A.B. asks: 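Sharing a structure here in structure tokens format.
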There are 2 protein chains.
Amino acid sequence: MNDSALPRQASETRDRILDAAEALFVEHGLEATSMRMITGRANANLAAVNYHFGSKDALIQEVFRRRLTELNRQRLAALDRLEAEAQGAPLKPSRIVEAFFGTALALAADTEHGGHTFMRLLGRTYTEPNAFVRQFLAEEYAEVLERFLGALYRALADVPREEILWRFHFMMGAMSYAIAGTDALQLFAGTFDDADPQRLMPRLMSFLLGGLRAPLPVFNAARDAAEDAAAA
Amino acid sequence: MNDSALPRQASETRDRILDAAEALFVEHGLEATSMRMITGRANANLAAVNYHFGSKDALIQEVFRRRLTELNRQRLAALDRLEAEAQGAPLKPSRIVEAFFGTALALAADTEHGGHTFMRLLGRTYTEPNAFVRQFLAEEYAEVLERFLGALYRALADVPREEILWRFHFMMGAMSYAIAGTDALQLFAGTFDDADPQRLMPRLMSFLLGGLRAPLPVFNAARDAAEDAAAA
DNA sequence: AATCAATTCAAACGTCTGTTTGAATCATAC
DNA sequence: GTATGATTCAAACAGACGTTTGAATTGATT
């Protein structure tokens, strides 16, 4: 019995494959990562992926699922805590935003257990064209988004829901780039002297809250667009 | 002589291939789009891509180059105009942001000539793992980023450059998601009643400027992170 | 009408892809 | 020790990939 020595084995090979796949997906993308690359890095036989997961698509799904389920569980727990403390009163928008994006940033700051790797992967996958991946993400996010958007609607009762929805969307974009940009994107040549992940959190929070609280846009007539076009 | 009838032919097949590739890259991604898909859609022979461009990688590069060069030319022209009007005085940050992101949004609003398609593609390509695509984008953006960041540094002389750089990065993320989200991302199930691209511009501008002008973050000791972790 | 370069075409190239197979190996239970 | 189920393994599968080839076709120039 090795139950006392090891917490649980649950196929050690399976986990090695998941870790290898996660790292390679970040490095090369989903499509460009082959089964042979994965099993090679995981020191496993080529057939092991199909044995343990059934297919490459199922493996991709499991790579996301194992982390995303936990992340979203933490997010919901944080929101539950806020609502319990508030005792029915509307929440502060800043606390809601912190609960959602702070939880993700905390995971991104964890370089020990692959959290950072995964968040880089997740950030770019929101815009992944692959149909079944998008479908899967939408399902994983359904409950969390419903809860958090609902909380924001209540917290900002005077703001049109359409605007809140868009701003939440903008916030997700800013966060994704924030995480990707800490090491992936080098558009800004030779810059980011201060890429301390410890400081990313307050930096991003300030930005997100500033955007969320910004004055509502005023929609002028369609003439504006015509003028802009003519001026160019 | 058909010079009078046609403005320029410059290989009609070549253009059909570029258009087909652009559309397919958005739909399936760079890697998942095959040469046979491209030439099939363009009604061209399989060998036409290698004849006109040399390789698939060179085709990818040209798909981005033909639009990005023009976009960044317009951006620089807009900045030139602002600086000429200001006559040496520092620019308003909002005008700088408008010059950069407004120009991109205007291209994204052009559904007639493929501008919209391209901007969706561009948004997701910033986080593309493919090495040579990233290298190419960095080169294409070098001058524009230097000019715009310089203008923002002067316009916000009291803000640490590090913060400006990060916030510019956040803004790029928000914009990318904004464009992708108008039709690609359906994380937010059944929503976006009002996805009018005419209104996206003021919506995004409000958010971006709110984020840019947000109070600067305060960096507490590393204790904060430890507390957060302990509370969870 | 002949010439020439540009372009198109069908066919094939070797390589890589995800998946399947059936036998070998392992660890555990009887 | 022997049977049993889980796992690993080397090998092969058919199909798709990007690229190359050499001949056929085109359209304008001499």
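Bear in mind that the values here come from a model prediction, so they are computed numbers and not experimental data. Naming: A, B, ... by sequence-line order, numbering from 1 per chain. Computed over heavy atoms, backbone and side chain alike; hydrogens, waters and symmetry mates excluded.
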A.B. asks: Does a side-chain N or O from A:Ser34 land closer than 4.0 Å to OP1 or OP2 of C:dT17, or not?
C.D. replies: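 Result: yes.
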A.B. asks: Rounded to the nearest angstrom, tell me the gap between atom CZ in A:Phe132 and atom C1' in C:dG18.
C.D. replies: 13 Å
A.B. asks: Between B:Ser176 and B:Tyr126, is a side chain to side chain donor-acceptor pair (under 3.5 Å) present by the stated rule, with each step listed?
C.D. replies: CA-CA 9 Å; B:Ser176 294; B:Tyr126 290 128; 5.8 Å; no
A.B. asks: To the closest 0.5 Å, what do you measure between CG (A:Leu76) and CG (A:Leu71)?
C.D. replies: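 Answer for the CG-CG pair, A:Leu76 versus A:Leu71, is 9.5 Å.
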A.B. asks: I need the single residue from A:Glu163, A:His169, A:Glu162 that forms a side-chain hydrogen bond (donor to acceptor under 3.5 Å, both in side chains) with B:Arg203. Which is it?
C.D. replies: A:Glu163
A.B. asks: List the atom of B:Leu212, the atom of B:Arg167, and the distance in Å for their closest heavy-atom pair.
C.D. replies: O-NH1, 3.0 Å
A.B. asks: Among D:dA11, C:dA11, D:dT8, which nucleotide sits nearest the side chain of B:Leu46?
C.D. replies: C:dA11
A.B. asks: Taking the side chain of B:Ala47 as its heavy atoms from C-beta onward, which of D:dT21, D:dA11, D:dA6 lies nearest to it?
C.D. replies: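 For B:Ala47, the side-chain atoms sit closest to D:dT21.
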A.B. asks: So A:Ala48, base contact, sugar-phosphate only, or nothing? Heavy-atom distance under 4.0 Å.
C.D. replies: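 The answer is nothing, as A:Ala48 stays clear of every strand by at least 4.0 Å.
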A.B. asks: Has A:Glu70 got more than 12 heavy atoms of other residues, nucleotides or ligands less than 6.0 Å from its CD?
C.D. replies: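 Count over threshold, so yes.
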A.B. asks: Write down the distance between OH (A:Tyr51) and C1' (D:dA11), rounded to a whole number of angstrom.
C.D. replies: 19 Å
A.B. asks: Rounding to an integer number of Å, can you tell me how far B:Arg14 CZ sits from C:dT7 C1'?
C.D. replies: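 The distance from CZ of B:Arg14 to C1' of C:dT7 comes to 14 Å, rounded to the nearest Å.
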A.B. asks: Quick one: is A:Asn45 getting a side-chain N or O under 4.0 Å of the D:dT7 phosphate, OP1 or OP2?
C.D. replies: no
A.B. asks: Just how far, in rounded Å, is C1' of C:dT8 from CD of B:Glu12?
C.D. replies: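 Between C1' of C:dT8 and CD of B:Glu12: 13 Å.
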A.B. asks: Take atom CE of A:Met35 and atom P of D:dG15, then tell me their distance rounded to the nearest Å.
C.D. replies: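 The distance from CE of A:Met35 to P of D:dG15 comes to 18 Å, rounded to the nearest Å.
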A.B. asks: Whole angstrom is fine here: how far is it from CG in A:Asp15 over to P in D:dT7?
C.D. replies: 12 Å
A.B. asks: Specify the separation, in whole Å, of atom CG of A:Asn43 and atom P of D:dT7.
C.D. replies: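 My rounded result for the distance is 19 Å.
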A.B. asks: With a 4.0 Å cutoff (strictly under), does any side-chain N or O of A:Thr13 reach OP1 or OP2 of D:dT7?
C.D. replies: no
A.B. asks: Would you mind classifying the nucleic acid contact of A:Thr39 as base, sugar-phosphate or nothing, using non-hydrogen atoms under 4.0 angstrom?
C.D. replies: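 Counting heavy atoms under 4.0 Å across all strands, no contact is made by A:Thr39.
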A.B. asks: OP1 or OP2 of D:dG18 less than 4.0 angstrom from a side-chain nitrogen or oxygen of B:Asn50, does that happen here?
C.D. replies: no
A.B. asks: Out of C:dT7, D:dT19, C:dT19, which nucleotide sits closest to the side chain of A:Arg36?
C.D. replies: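 The closest nucleotide is C:dT19.
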A.B. asks: Can you tell me if the side-chain N/O atoms of B:His52 get under 4.0 Å from OP1 or OP2 in C:dA6?
C.D. replies: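 Result: no.
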A.B. asks: In this structure, how many angstroms lie between the P atom of D:dC17 and the CG atom of B:Leu59, rounded?
C.D. replies: 15 Å
